[in-house]
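Along the sequence shown, residues are numbered consecutively beginning with 1.
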Amino acid sequence: MAIYEYLTEPLTDFSKQENKEAYLKALKKIESTLGKTYPLIVGGEEVFEGRTQASINPALTEQVVGMIHQADIPMGERAMQAALKAFESWKKVKPETRADVLFKTAAIVRRRKHEFSAMMTYEAGKSWVEADADTAEAIDFLEYYGRQMLILNRVDDVILSRRNIERNEYKYIPLGVGAVIPPWNFPLAITCGMASAAIVTGNTVLLKPASNTQVIAYMLVEAFMEAGLPKGVLNFVPGKGSEVGDYIVKHPKTRFISFTGSKEVGMNIYQEAAIVRPGQIWLKRVIAEMGGKDAILVDNDCDIELAAESIVKSAFGFQGQKCSACSRAIIHQDVYDEIVKLVEVKTKALSIGNPVDGSIYMGPVIDKSAFKKINEYIEIGKTEGRLIAGGTSDGSLGYFIQPTVFADLKPFSRLMQEEIFGPVLAICKVASFDEALEVGNNTEFGLTGAVISNNRFNLEKAREDFHVGNLYLNRKCTGAIVGYQPFGGFNMSGTDSKAGGPDYLQLHMQGKSISEAL
């Protein structure tokens with residue numbers, strides 16, 4: 001029974017000198033690989049064909065992290081055929097064996113933990129702490145989903161009988177070929193979670209990573225292959241979303257699409273997946289997580305320091321580029337001025353710079369497009385509210401934007417309604433806790449939220465009435481832990497698929513009931 005025990009991967013304590021030195025060594029190792037060319041992986045074979053795309057360090061845009069070959073539509077079809085072929089054998093592999101591949105992959109990533117993290121520091125602009133947490137979460141997904149598969153396999157073994165009449169069996173079987181389309185903001189953890197869930201349940205995968213973070217995705221695929229994953233089970237097909245991405249989403253042999261990203265792309269995938277195309281004999285399943293406009297509600301009876309600390313950490317961790325980030329602080333009028341001032345002080349104390357420096361809290365935003373969009377929202381904020389921190393940016397070396405805070409915003413202002421996905425916090429004043437809940441629920445999203453309060457009645461009211469998929473009481477609204485805080489949202493935040501939860505794997509399978517007359 002010991003195999004079913006699940007413990008999360010410990011985070012690295014960078015206050016210890018040996019850990020600092022280990023990370024610096026990993027950064028040096030990754031630095032020596034910069035500019036390397038990476039292939040596609042189709043049917044287990046490396047493919048150096050077609051055009052390449054440069055992956056750029058967002059903190060130092062003149063630095064090329066890697067050159068990655070890009071899949072076109074013919075290569076997408078080749079990958080589909082490889083995945084279809086591999087599915088015929090992989091679906092028959094025992095669940096215990098599939099789980100072992102995940103456990104072995106976890107061991108490989110754990111041994112090279114700082115290398116994976118260091119690559120994210122270069123390719124995604126993640127600070128040491130943020131990159132380390134990303135890698136730890138990837139390991140957690142592998143360990144957790146492997147154990148969940150073993151538990152589900154025990155369920156398969158249960159036989160329900162009607163004495164002397166018939167024997168009844170219920171089992172889970174895999175779906176087929178899945179398109180896995182992860183985001184750039186958790187380029188290892190979410191990519192690993194989405195791919196490993198599909199793989200351990202007996203499916204085969206076409207992995208189209210986010211265009212900004214293709215090298216770290218390649219490193220993950222390498223780890224799976226080193227762990228003994230058979231050829232064709234996981235196919236690495238980076239390329240344009242409008243080209244190879246659309247092709248595999250629309251393909252009649254695609255059985256399911258697992259997507260994490262923007263609302264706009266997610267809605268398009270959901271719409272395209274609903275169309276039954278010639279040669280398609282099933283309804284495609286969509287597993288989608290599409291972002292949020294997350295809020296921390298602060299009651300008048302609260303810990304002032306906790307409230308300000310939770311808001312700042314949730315708003316500006318990884319430059320606010322988390323779908324769970326606090327982009328709205330909704331604060332009771334009785335404590336508003338005090339908390340706004342403390343948020344201002346704490347925000348202005350944050351360090352920003354190239355995250356290869358371990359003392360840096362905030363690095364760059366991901367690319368030129370994000371830099372432009374966030375700066376446009378900052379200009380909008382200057383017309384809608386009172387700027388109390390930040391509001392400036394510097395694109396001379398990398399895509400750096402100061403952590404920015406606007407106070408005194410109206411509940412339906414653009415900064416309080418639209419997803420910005422960057423280091424911009426909007427603050428709104430309310431007259432009561434009921435009004436705070438009303439404002440918290442007034443967007444089209446419903447991903448995460450937090451409540452800071454000492455009032456037990458109001459905490460219980462939030463449990464019932466704050467309509468978010470992940471609700472946190474008296475803590476920050478980021479940092480969901482695999483297995484303990486299943487993650488997924490309501491409304492336009494997605495299909496509430498709850499990654500890292502006990503029912504996530506079933507989304508990648510279908511139930512089969514078998515009865516035999518005796």
Colleague: Run the side-chain hydrogen bond (donor to acceptor under 3.5 Å, both in side chains) check on T12 and D132 step by step: do they pass?
Modeller: CA-CA 7 Å; T12 302; D132 180 71; 2.7 Å; yes
Colleague: In the structure I gave you, are the side-chain heavy atoms of K171 and I514 within less than 4.5 Å of one another anywhere?
Modeller: yes
Colleague: Tell me, do V65 and M119 make a side-chain contact under 4.5 Å, heavy atoms counted?
Modeller: yes
Colleague: Can you sort out the partners of K368 under salt bridge (Lys or Arg N to Asp or Glu O under 4.0 Å), two or more places apart, ordered by chain and number?
Modeller: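 With neighbours one apart ignored, the set is empty.
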Colleague: Keeping R475 on the side-chain end and T478 on the backbone end, is there a donor-acceptor pair under 3.5 Å?
Modeller: yes
Colleague: L207 versus P182: any side-chain heavy-atom pair under 4.5 Å?
Modeller: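 In short, these two side chains touch, coming nearer than 4.5 Å.
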Colleague: More than 12 foreign heavy atoms under 6.0 Å from CG of L283: is that the case here?
Modeller: no
Colleague: Would you indicate whether the side-chain heavy atoms of N235 and L206 approach each other to under 4.5 Å?
Modeller: yes
Colleague: With rounding to the nearest 0.5 Å, note down the distance linking OG in S55 to CE in M67.
Modeller: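 Reported value, rounded in 0.5 Å steps: 9.5 Å.
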Colleague: Of the non-hydrogen atoms in P252 and P278, which two are nearest, and what is the gap between them?
Modeller: CB-O, 3.6 Å
Colleague: Of the non-hydrogen atoms in P355 and G363, which two are nearest, and what is the gap between them?
Modeller: CD-CA, 4.3 Å
Colleague: Among K113, K126, K322, find the residue that satisfies the salt bridge (charged side-chain N to carboxylate O under 4.0 Å, His left out) test when tested with D134.
Modeller: K126
Colleague: Counting the benzene-type ring for Trp, do F316 and F318 have ring centres under 6.0 Å apart?
Modeller: no
Colleague: Is the closest side-chain heavy-atom distance between T201 and M509 below 4.5 Å?
Modeller: yes
Colleague: In a check of side-chain contact (heavy atoms from CB on, under 4.5 Å) between V233 and each of N203, T204, V93, V205, which one passes?
Modeller: T204
Colleague: Under the criterion side chain to side chain contact (heavy atoms under 4.5 Å, CB included), I'd like the reasoning laid out for L84 against M80: C-alpha separation, chi angles, the key distance, then a yes or no.
Modeller: CA-CA 6 Å; L84 287 167; M80 173 60 75; 3.9 Å; yes
Colleague: Please say which of F371, F445, W184 ends up in a ring-ring contact (aromatic ring centres under 6.0 Å, His included) with F421.
Modeller: W184
Colleague: State which residues pass salt bridge (Lys or Arg N to Asp or Glu O under 4.0 Å) with R285; sequence neighbours excluded, sorted by chain then number.
Modeller: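 In terms of salt bridge (Lys or Arg N to Asp or Glu O under 4.0 Å), with neighbours along the sequence ignored, R285 is linked to no residue.
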Colleague: Where do A138 and C192 come nearest, in terms of heavy atoms and distance?
Modeller: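 Smallest interatomic distance, heavy atoms only, reads O-SG, 3.6 Å.
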Colleague: Cationic tip of K313 within the cone over Y361's six-membered ring, i.e. under 6.0 Å and within 45° of the normal?
Modeller: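 Not flagged: K313 not positioned over aromatic ring of Y361.
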Colleague: For I181 and M194, work out which heavy atoms get closest and say how close.
Modeller: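 Minimum heavy-atom separation between I181 and M194: O-CE, 3.5 Å.
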Colleague: Got a donor-acceptor contact below 3.5 angstrom from the Q53 side chain to the S211 backbone?
Modeller: yes
Colleague: Are there over 12 heavy-atom neighbours, none belonging to Q271, within less than 6.0 Å of that residue's CD?
Modeller: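 Check fails, neighbour count at 12 or below.
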Colleague: Given the rule in the side-chain hydrogen bond (donor to acceptor under 3.5 Å, both in side chains) test, do N491 and S493 qualify, once you have shown the distances and angles that lead to the verdict?
Modeller: CA-CA 5 Å; N491 299 344; S493 288; over 6 Å; no
Colleague: Taking CD1 in I275 as the centre, count heavy atoms belonging to other residues, nucleotides or ligands within less than 6.0 Å. Is the count above 12?
Modeller: yes
Colleague: Going from CD on Q280 to NZ on K250, what distance comes out if it is rounded to the nearest 0.5 angstrom?
Modeller: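 Spacing of CD (Q280) from NZ (K250) equals 13.0 Å.
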Colleague: To the nearest 0.5 Å, tell me how far Y144 OH sits from L102 CG.
Modeller: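 It is 13.5 Å, given to the nearest 0.5 Å.
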Colleague: Can you confirm whether the side chains of N153 and E96 place a donor and an acceptor under 3.5 Å from each other?
Modeller: yes
Colleague: Enumerate the ring pair (Phe, Tyr, Trp, His ring centres under 6.0 Å) contacts for residues 225-262, please, sequence neighbours excluded, ordered by first and then second residue.
Modeller: Y218-F236, Y247-H251, F256-H508
Colleague: Tell me, please, which residues at least two apart from E46 pass salt bridge (Lys or Arg N to Asp or Glu O under 4.0 Å).
Modeller: none
Colleague: To the nearest 0.5 Å, what is the distance between CG on N470 and CZ on F490?
Modeller: 8.0 Å
Colleague: Is the side chain of R112 donor-acceptor paired with the backbone N or O of A107 at a distance under 3.5 Å, no angle test?
Modeller: no
Colleague: Test of understanding: with salt bridge (Lys or Arg N to Asp or Glu O under 4.0 Å), list the residues that count as partners of R277, not counting sequence neighbours.
Modeller: E272
Colleague: Could you point out which residue of E123, Q70, H69, K208 forms a side chain to side chain donor-acceptor pair (under 3.5 Å) with Q214?
Modeller: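 Considering E123, Q70, H69, K208, a side chain to side chain donor-acceptor pair (under 3.5 Å) with Q214 is found only for Q70.
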Colleague: How many angstroms lie between atom CD1 of I56 and atom OH of Y122, to the nearest 0.5 angstrom?
Modeller: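 Rounded to the nearest 0.5 Å, the CD1-OH separation comes out at 14.5 Å.
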Colleague: Please tabulate, for side-chain N and O atoms in residues 24-44, each donor-acceptor pair with protein atoms closer than 3.5 Å (sequence neighbours left out).
Modeller:
| residue | atom | partner | partner atom | Å |
| --- | --- | --- | --- | --- |
| K29 | NZ | E115 | OE2 | 3.1 |
| S32 | OG | K29 | O | 2.5 |
| T33 | OG1 | I30 | O | 2.7 |

Colleague: With rounding to the nearest 0.5 angstrom, report the CE to OG1 distance, M290 to T495.
Modeller: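 One gets 8.0 Å once the value is rounded to the nearest 0.5 Å.
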Colleague: Has E243 got a side-chain atom pairing as donor or acceptor with G245's backbone, closer than 3.5 angstrom?
Modeller: no
Colleague: Taking the side chain from Y472 and the backbone from T448, do they hold a donor-acceptor pair closer than 3.5 Å?
Modeller: no
Colleague: For atom NZ of K253, decide whether the heavy atoms of other residues, nucleotides or ligands shown that lie under 6.0 angstrom number more than 12.
Modeller: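 Counting neighbours around NZ of K253, 12 or fewer heavy atoms of other residues, nucleotides or ligands fall under 6.0 Å, so no.
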Colleague: For a side-chain hydrogen bond (donor to acceptor under 3.5 Å, both in side chains) check, start with the C-alpha distance between S242 and K240, then their side-chain angles and the critical distance, and finish with the verdict.
Modeller: CA-CA 5 Å; S242 59; K240 288 184 178 179; 5.7 Å; no
Colleague: Taking side chain as C-beta onward, heavy atoms only, is V424 less than 4.5 Å from I374?
Modeller: yes
Colleague: Is the closest side-chain heavy-atom distance between V249 and T254 below 4.5 Å?
Modeller: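 Counting from C-beta outward, V249 and T254 never come under 4.5 Å.
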Colleague: Assess the residue pair V482 and T8 against the criterion (side chain to side chain contact (heavy atoms under 4.5 Å, CB included)); give the C-alpha distance rounded to whole Å, side-chain angles, the decisive distance to 0.1 Å, and a yes or no.
Modeller: CA-CA 8 Å; V482 173; T8 57; 5.9 Å; no
Colleague: For a quick test of reading the model, state the closest non-hydrogen atom pair linking N168 to S515 and the distance between them.
Modeller: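 Answer, listing the atom of N168 first, then S515: OD1-OG, 2.6 Å.
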Colleague: Consider only side-chain N and O atoms of T121 and Y23, and report whether a donor and an acceptor are under 3.5 Å apart.
Modeller: yes
Colleague: Ignoring hydrogens and angles, tell me if any N or O in the side chain of Q319 forms a donor-acceptor pair with the backbone of P364 under 3.5 Å.
Modeller: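 Present.
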Colleague: Hey, are the side chains of S327 and E419 touching, using non-hydrogen atoms and a 4.5 Å cut-off?
Modeller: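 In short, these two side chains do not touch, never coming nearer than 4.5 Å.
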Colleague: Are there more than 12 heavy atoms of other residues, nucleotides or ligands under 6.0 Å from atom NZ of K91?
Modeller: yes
Colleague: Indicate yes or no: does E45 engage R78 in a salt bridge with an N to O separation below 4.0 Å.
Modeller: no
Colleague: Are L175 and W282 close enough, and set up right, to give a side chain to side chain contact (heavy atoms under 4.5 Å, CB included), and what steps lead you there?
Modeller: CA-CA 10 Å; L175 293 172; W282 46 61; over 6 Å; no
Colleague: Closest heavy-atom contact between E9 and A136?
Modeller: CB-O, 3.7 Å
